[in-house]
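All residue numbers refer to positions in the sequence shown, counting from 1. Just so we're clear, the structure is a prediction, and the values are computed from it rather than from any experiment.
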Amino acid sequence: MNATAAIALAVFLIAVGIGHFLFPGYFRTLVPSWLGRAPLLVGASGAAETVVGAAILTPAGRAVGGWAAAALITAYLVCHLDALWRASGDRPRLLERPVGATVRLAVNLVYIGWAVAVARAAA
């Protein structure tokens with residue numbers, strides 16, 4: 001894994017983290033209702049993604065940042081599994097249908113693999 005992949009992951013995380021603050025309404029829809037405190041969780045996860053992304057940008061913080069990214073994205077699987085559980089073919093939004101929720105889950109598994117690869121390469 002080269003530095004380009006690590007920097008791309010860092011930029012991705014920082015951009016998505018900032019997105020939590022620019023588009024909080026969208027990110028609140030991803031938080032399962034049974035978790036509660038969606039505004040707090042969206043803000044905290046946005047801040048965490050931004051900090052983790054910044055850590056990955058520096059070679060010295062890349063391994064820890066990569067593992068932190070993998071852990072953070074793994075925690076998000078709760079939201080994606082909940083979305084899959086609630087998915088229904090008659091929902092208007094593609095990401096709320098079974099195929100969309102499955103793709104969301106699969107994409108996040110790829111993100112976890114990306115973060116682990118960055119962490120391992122930096123170790």
Side-chain angles (χ1 to χ4, degrees):
M1 177 81 35
N2 61 25
T4 303
I7 292 168
L9 177 61
V11 169
F12 170 74
L13 288 169
I14 292 168
V16 173
I18 291 169
H20 281 66
F21 299 101
L22 296 177
F23 310 103
Y26 167 73
F27 287 95
R28 286 184 197 133
T29 67
L30 301 177
V31 177
S33 60
W34 51 267
L35 275 178
R37 300 181 184 247
L40 174 66
L41 292 172
V42 167
S45 61
E49 285 179 356
T50 304
V51 168
V52 168
I56 293 170
L57 278 177
T58 65
R62 198 157 287 158
V64 170
W67 289 119
L72 189 60
I73 299 165
T74 298
Y76 296 159
L77 291 180
V78 170
C79 299
H80 299 299
L81 288 169
D82 180 72
L84 184 58
W85 177 259
R86 292 182 296 106
S88 173
D90 62 350
R91 298 276 173 104
R93 293 177 50 204
L94 176 62
L95 294 178
E96 295 175 345
R97 296 182 198 153
V99 68
T102 301
V103 169
R104 274 177 47 190
L105 182 61
V107 167
N108 276 268
L109 293 174
V110 171
Y111 292 156
I112 293 167
W114 185 12
V116 168
V118 165
R120 293 177 111 180

- Message: Give me the atom names and distance for the closest heavy-atom approach of Ile56 to Ala6.
- Response: CG2-O, 3.3 Å
- Task: Might you point out which heavy atoms bring Ala119 and Ala63 nearest each other, and give the distance in Å?
- Result: CB-O, 3.6 Å
- Do the side chains of Tyr26 and Val103 join up, straight or via other hydrophobic residues, at under 4.5 Å, putting them in one cluster? yes
- Query: Is the backbone of Ala87 close enough, under 3.5 Å, to the side chain of Arg97 for a donor and an acceptor to pair up by distance?
  - Reply: no
- Item | Given Thr4, Ile14, Val118, the one that forms side-chain contact (heavy atoms from CB on, under 4.5 Å) with Leu9 | Val118
- Query: Do Leu72 and Val107 share a hydrophobic cluster (ILVMFWY, side-chain heavy atoms under 4.5 Å, transitive)?
  - Reply: no
- Is Leu81 reachable from Val78 through a run of hydrophobic residues whose side-chain heavy atoms are each under 4.5 Å from the next? yes
- When rounded to the nearest 0.5 angstrom, what distance separates SG in Cys79 from CG in Leu41? 8.0 Å
- Report yes if some heavy atom in the side chain of Trp67 is under 4.5 Å from a heavy atom in the side chain of Arg62; otherwise report no. no
- Output every pair passing salt bridge (Lys or Arg N to Asp or Glu O under 4.0 Å) with a member in residues 66-84, not counting sequence neighbours, ordered by first then second residue. Asp82-Arg86
- Message: My understanding is that only residues two or more places apart in sequence, or in another chain, count here; which of them pass salt bridge (Lys or Arg N to Asp or Glu O under 4.0 Å) with Arg28?
- Response: none
- Query: For Phe23, does the CZ atom have more than 12 heavy-atom neighbours from other residues, nucleotides or ligands under 6.0 Å away?
  - Reply: no
- Message: If I compare all heavy atoms of Ser88 with all of Pro98, which pair ends up nearest, and what's the gap?
- Response: C-CD, 3.6 Å
- Task: Kindly state whether the ring of Tyr76 and the ring of Tyr111 have centres lying under 6.0 angstrom apart.
- Result: no
- Closest heavy-atom pair, Leu22 versus Pro24, reported as atoms and distance to 0.1 Å, is C-CD, 3.4 Å
- Message: In this structure, would Leu105 and Phe12 fall into the same cluster of hydrophobic residues linked by side-chain contacts under 4.5 Å?
- Response: yes
- Task: Can you label the angle between the His20 ring and the Phe27 ring as parallel, tilted or perpendicular, going by 30° and 60°?
- Result: parallel
- Is there side-chain contact between Leu77 and Leu109, with heavy atoms separated by less than 4.5 Å? yes
- Message: Can you tell me how far apart CD (Glu49) and CD1 (Ile18) are? Round to the nearest 0.5 Å.
- Response: 10.5 Å
- Which atoms form the tightest heavy-atom contact between Ala68 and Val52, and what is the distance? CB-CG2, 3.9 Å
- Message: When you group the ILVMFWY residues by side-chain heavy-atom contacts below 4.5 Å and let the links chain together, are Leu57 and Val51 in the same group?
- Response: no
- Item | Whether over 12 other heavy atoms sit under 6.0 Å from Arg91 CZ | yes
- Does Thr50 reach the side chain of Leu13, with side-chain heavy atoms less than 4.5 Å apart? no
